[in-house]
Amino acid sequence: MCGIVGYAGDRDCTEVLLDSLTKLEYRGYDSAGIAVFENGKITVEKSKGELKNLRKKIEENYKPEGHCGIGHTRWATHGEPSDINSHPHGSKRVSIVHNGIIENYKDIKKFLARKGYTFESETDTETVAKLLDYYYHGDPIDAIIKTLADVRGAYALGILFKDYPDCIFSVRKDSPLIIGVGENENFIASDVPAILQYTRKYYLLEENEIATIKADRVEFCDIHRQELIKEVQESNLDMDAAEKGGYEHFMLKEIHEQTNAVKTTIAPRIVNGMPDLSECGLSIEKLKKYRKLFIVACGTAMHAGMVGKYVIEKLARTEVTVDIASEFRYRDPIIEKEDLVIVISQSGETADTKAALHLAHDRGAKVLAVVNVKGSSIAREADMVLYTHAGPEISVASTKAFSVQMSVMYLLAFEMAYAKGHIDEAECKRLTAALTDIPEKIEQTMQCEKKCKYVASKLITATSLLYIGRGLDYALSMEGSLKLKEISYIHSESYAAGELKHGTISLVEDGMPVISVATQSDLMEKMVSNIVEVKSRGAFTITVCKEGTEFSDGIMDEIIEVPALEDVLMPMLTVIPLQLVAYYTTVLKGLNVDKPRNLAKSVTVE
C-alpha cells in the first residue's frame, strides 16, 4: 500500500529518493520520509502530508548530502498520520522503512520495553526497528534472521545499519519489493515505476530472501545464509504511460486508454475467429471438466467478476460463485478438486486475494489468475495466468483495469460455453466477433463525455444518492457507485432495483439523485417500473441506456445514451459514462481525483 525506495550509488541520494517516491504517489499515502547516510551517521527527514511538504521542509531546513539511503510514503495503519509516525523509524544504529503490518507488534513492544527500549511513535514498524537493534551485534544478516524469527505478519523492509554506510539490506514477506540494477548504482523499490527513470533491470525478491545492496553489487541469501543466484528481469513498461500525456488527470487519461487496452487484451486471444486461452494452459478439455467456478476478488475487480458470473452462467450453464476475497478466506468455502478458482487483481499483490489463492491450493483446486502486473506475487503463485494488457494504471480509482478484466471474463465465458456444448462454433464466432468490435464502440461511447459533465454538475451538492439496476446492469451499478463515492466522497449505494420495495425506497426523498442503469431488454419493463417508483417519491432520475430507448414523458430527468449492442455485451460500454460522471463530479467539487483520501492503489495488507 505504501511506497518504498532505496538508493546506493554516486548520485545525490536525497534527490533520487524524492524523485523515486514521486513515481509511487499513486499508491496512496499520508506522510513521507527519507534516511540518508551522511558523514558516518544516518540523517532522517520526514513530514506529514504530501511529498511536496517533505521537499519543502528539506529545502527550507536541511538537505542531507549522501550517496546511500532509503525513503518511504506511508499509509497509516498504526497511529495517525503525523511527523512522528512517519517512516523511517529506528535507533542510533538502525533505520528502516516498512510496508505491511506486524501482527504481534504489541508482544514485541512489551518484550523490548522490559529490555529498556523506549518508543516515540504509535507504529508497529518502530518495534521492528528496535528489535533489529536489540539483535544487532555487528552482523546485519544475523540480526535480520533473528528478527524475522520473532516477527509475525506482512513486511517489505529497507534497512540501514550505521556501521555499513554504503549498504542497504532488504527482505520481504507478503509485500512486494524489487531490487533495481543500474550501472554502478542499485535500488530498492516497491514497484517498477519508481526506478524506470534510472534502469529497467531488476531482481524480484522472493519471500524471506535477504538482499545486500551496494553501489557496485547486489548479493542474496536465504534465512540459512545460503547464497542465492537470481535472474535479472527487464521491464517493458512505457515511461510515457506513467505520465499524464496532456490530460488533466491520470484518471481521465486512463478512461480514454480503454479503447486500446481492451483491443490489446482481446486480440492475441482470438485465433481463427475463436477465443483461445491456451497460452496459460486453459484448454478446451479442461474447461469441459470444471464442475464449478469461484471468482474471488476485491472492489472493482470483484465487480468484473460479477459480470463474469452473469455471462458464464448464461452462456456456459456452469455454476459460478463470486466472493469478496476477505470474506472467502473466512467462510470456510466448499471447494472440490474439480472446481476452478479464478482470482482477479490489477496489481497481483492484493493481500486478501493472495490469501484466497493459498486457500484454494490448500483445498486441492487449481487457480487461474487474471492480473495486470507481470511477475507479481499472484501471477507467480497461480497455476495458470491470464495477463491483462492495461499498462500502468496510476489513478487510485480503477478504470481501464476493470474493462480489460471484463474482456477476459467474456473470452472465458465464450470458450467455456463452446467447450461444454451450450453454443456451437458459429455462435461462438459471432459472439467473439462482436467482442472484437468493442474497442471501436468504446471510442464512440466517449462522445457522451459532455453530457456526463453536465450530469455531474447536478450531483455536486448531493449528500447521498442511489444506483440501481437489474442483472448485468446491477453489477455495473455497483461499479458506478464505487467510482463515485471513492473519489467524490458523496455517500452512494447500489441496489438491485427489485429490492427497492424491501426497505431501500424509504431513503428516497425530494431531489435525491437516483442513477439507473437500464440496458437489458428483457428487464426493461421492470426497470422502468422501478424508476417510476423513485420518481413518484421525488427522486431526480438519471438513466444510462442504449441509444434509441424510448421512455414515457416525465419519467427521466436526464438520459445518457451509449451505442446499442446485444444485451450480454452492454457492460463494456455502460461503464464509460459511469466512470466519466464520477470523474467530472470530483473535478467540479475541486477534489484530488487521482489520489482520494484514505485510499491506496495496491492493498497489500488485510
Side-chain angles (χ1 to χ4, degrees), residues 1-6 27 70 72 77 96-105 108 124-125 127-129 131-132 135 140-159 168-181 186-192 194-195 202-213 218-233 325 329 343 345 347-362 367 369 371 373-383 385 602-606:
M1 296 176 74
C2 320
I4 285 178
V5 298
R27 294 171 67 92
I70 51 178
H72 191 262
T77 54
I96 75 168
V97 290
H98 164 228
N99 287 354
I101 289 179
I102 306 303
E103 295 172 358
N104 61 334
Y105 82 99
I108 296 172
D124 54 338
T125 301
T127 63
V128 179
L131 189 61
L132 282 163
Y135 281 126
I141 302 296
D142 182 65
I144 291 169
I145 291 171
K146 289 178 178 176
T147 296
L148 298 187
D150 288 351
V151 166
R152 187 172 68 251
Y155 50 80
L157 299 172
I159 310 166
I168 305 168
F169 297 87
S170 293
V171 66
R172 63 166 288 265
K173 176 181 177 290
D174 292 333
S175 288
L177 200 65
I178 63 170
I179 312 299
V181 183
N186 293 302
F187 309 79
I188 66 169
S190 47
D191 208 349
V192 171
I195 61 170
Y202 65 94
Y203 293 104
L204 283 169
L205 193 63
E206 301 290 352
E207 295 207 350
N208 289 326
E209 293 180 346
I210 302 169
T212 303
I213 299 101
V218 178
E219 298 170 349
F220 299 93
C221 70
D222 62 20
I223 56 174
H224 305 293
R225 303 194 74 133
Q226 296 298 305
E227 182 182 1
L228 301 171
I229 305 299
K230 297 179 67 66
E231 183 179 347
V232 174
Q233 311 287 320
R329 294 181 59 183
V343 295
S345 168
S347 68
E349 301 292 348
T350 312
D352 285 312
T353 306
K354 188 161 61 171
L357 181 156
H358 297 159
L359 175 62
H361 278 162
D362 290 344
V367 177
V371 299
V373 180
K374 293 186 177 181
S376 56
S377 297
I378 289 174
R380 297 199 307 274
E381 295 181 31
D383 301 289
V385 184
S602 178
V603 184
T604 57
V605 298
E606 287 192 61

Check your understanding: Any idea which heavy atoms bring Gly180 and Ile195 closest together, and the distance?
Key -> CA-CD1, 3.7 Å
Study note, to complete from the structure: Residues passing the salt bridge (Lys or Arg N to Asp or Glu O under 4.0 Å) test with Glu381, sequence neighbours excluded, are none
Check your understanding: Any side-chain heavy-atom pair from Leu204 and Arg380 closer than 4.5 angstrom?
Key -> yes
Exercise for review: For Gly100 and Asp124, work out which heavy atoms get closest and say how close.
Suggested key: O-OD2, 4.1 Å
Practice item. Please tell me if the side chains of Ile210 and Asp222 come closer than 4.5 Å, counting only heavy atoms from C-beta onward. Key: no
Revision key, fill the gap. In short, Ala211 meets Leu205 closest at the heavy-atom pair CB-CD1, 4.0 Å
**Study point:** Flag, side chain of Glu349 to backbone of Ser377, donor-acceptor distance under 3.5 Å
**Key:** yes
**Study point:** Closest non-hydrogen atom pair, Thr353 against Ser345
**Key:** CG2-CB, 4.5 Å
Exercise for review: Could I get the full list of salt bridge (Lys or Arg N to Asp or Glu O under 4.0 Å) partners for Lys374, not counting sequence neighbours?
Suggested key: none
Check your understanding: Are any side-chain N or O atoms of His72 and backbone N or O atoms of His98, one a donor and one an acceptor, separated by less than 3.5 Å?
Key -> yes
Exercise for review: Among Leu359, Ile378, Asp383, find the one that has a side chain to side chain contact (heavy atoms under 4.5 Å, CB included) with Val367.
Suggested key: Asp383
**Study point:** Non-hydrogen side-chain atoms of Val232 and Tyr203 separated by less than 4.5 Å
**Key:** yes
**Study point:** Heavy-atom side-chain proximity of Ile102 to Thr125 below 4.5 angstrom
**Key:** no
Exercise for review: Please round to the nearest 0.5 Å and tell me the distance separating atom OG1 of Thr350 and atom CG of Leu357.
Suggested key: 11.5 Å
Practice item. Search all heavy atoms of Val5 against all heavy atoms of Ala194 and return the closest pair with its distance. Key: CG1-CB, 4.0 Å
Point to revise | Min side-chain heavy-atom separation Ile4-Leu177 under 4.5 Å | key: yes
Revision key, fill the gap. Taken to the nearest 0.5 Å, the spacing of Gln233 CD from Ile178 CD1 works out to 10.0 Å
Point to revise | Residues Arg172 and Glu209 bridged, charged N to O under 4.0 Å | key: no
Practice item. State, yes or no, whether a side-chain contact exists between Ile159 and Pro140 at a heavy-atom distance under 4.5 Å. Key: no
Review point. Given Phe169, which of Ile96, Ile213, Ile188, Ile141 fulfils the side chain to side chain contact (heavy atoms under 4.5 Å, CB included) condition?
Key: Ile141
Practice item. Report yes or no: does Asn99 contribute a side-chain atom to a donor-acceptor pair with the main-chain N or O of Ser175 at less than 3.5 Å? Key: no
Which donor-acceptor pairs under 3.5 Å do side chains of residues 144-158 form with protein atoms, sequence neighbours excluded?
{"residue": "Lys146", "atom": "NZ", "partner": "Asp142", "partner atom": "OD2", "Å": "3.2"}
{"residue": "Thr147", "atom": "OG1", "partner": "Ala143", "partner atom": "O", "Å": "2.8"}
{"residue": "Asp150", "atom": "OD2", "partner": "Tyr135", "partner atom": "OH", "Å": "2.5"}
{"residue": "Tyr155", "atom": "OH", "partner": "Asn208", "partner atom": "OD1", "Å": "2.8"}

**Study point:** Distance under 6.0 Å and angle within 45° of ring axis: Lys230 vs Phe220
**Key:** yes
